[in-house]
Amino acid sequence: MGKSAEQEKFVKDFLERKPNRCSKCKGRIRYIGAGKYECFDCGNEEIDDFGRVKDYIEEHGPTPAIIISENTGVPV
């Protein structure tokens, strides 16, 4: 059974929101865990949606998803 158009769009949007190059030097990055990435060249740290939500919850505690989305920019 193939993926629906909605599933394909979700996967495409999800992958586009993950960092794939360093925002400072455009170097390669590696995943270091918990939604965080590190640049091989300059050591800059990047963060993906999971990392943004994780950091928000660690700082503010359990919060409704709509509030997390509004404060982090991560879609519900």
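Everything numeric here is computed off the predicted structure, so don't read it as measured data.
- No donor-acceptor distance shorter than 3.5 angstrom exists from the side chain of Thr72 to the backbone of Arg52, with no hydrogens or angles considered.
- Atom CD of Glu70 sits about 11.5 Å away from atom OG1 of Thr63, to the nearest 0.5 Å.
- How far CG of Asp55 is from CD1 of Ile68: 11.5 Å, rounded to the nearest 0.5 Å.
- Summarising the geometry, atom OH belonging to Tyr31 is positioned 13.5 Å from atom CD belonging to Glu38; distances are rounded to the nearest 0.5 Å.
- The side-chain heavy atoms of Val53 and Ser69, taken from C-beta on, include no pair separated by under 4.5 Å.
- Pairing each heavy atom of Cys25 with each of Asp41, the nearest pair is SG-CB, 4.0 Å.
- For the pair Ile29 and Pro19, the minimum side-chain heavy-atom distance is below 4.5 Å.
- The ring pair (Phe, Tyr, Trp, His ring centres under 6.0 Å) pairs that include a residue from residues 51-75 are Tyr56-His60, where partners are two or more places apart or lie in different chains.
- Glu46 is not listed as a side-chain neighbour of Cys39, based on a closest heavy-atom distance of 4.5 Å or more.
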**Message:** For Lys18 and Tyr37: C-alpha separation, side-chain torsions, deciding distance, then whether side chain to side chain donor-acceptor pair (under 3.5 Å) applies.
**Reply:** CA-CA 10 Å; Lys18 287 191 165 288; Tyr37 301 77; 3.2 Å; yes
Problem set entry | Candidate pair Asn44 and Ser23, rule side chain to side chain contact (heavy atoms under 4.5 Å, CB included), full reasoning | CA-CA 8 Å; Asn44 180 47; Ser23 62; 3.6 Å; yes
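- Residue Lys24 holds its NZ atom at 10.5 Å from CD of Glu45, rounded to the nearest 0.5 Å.
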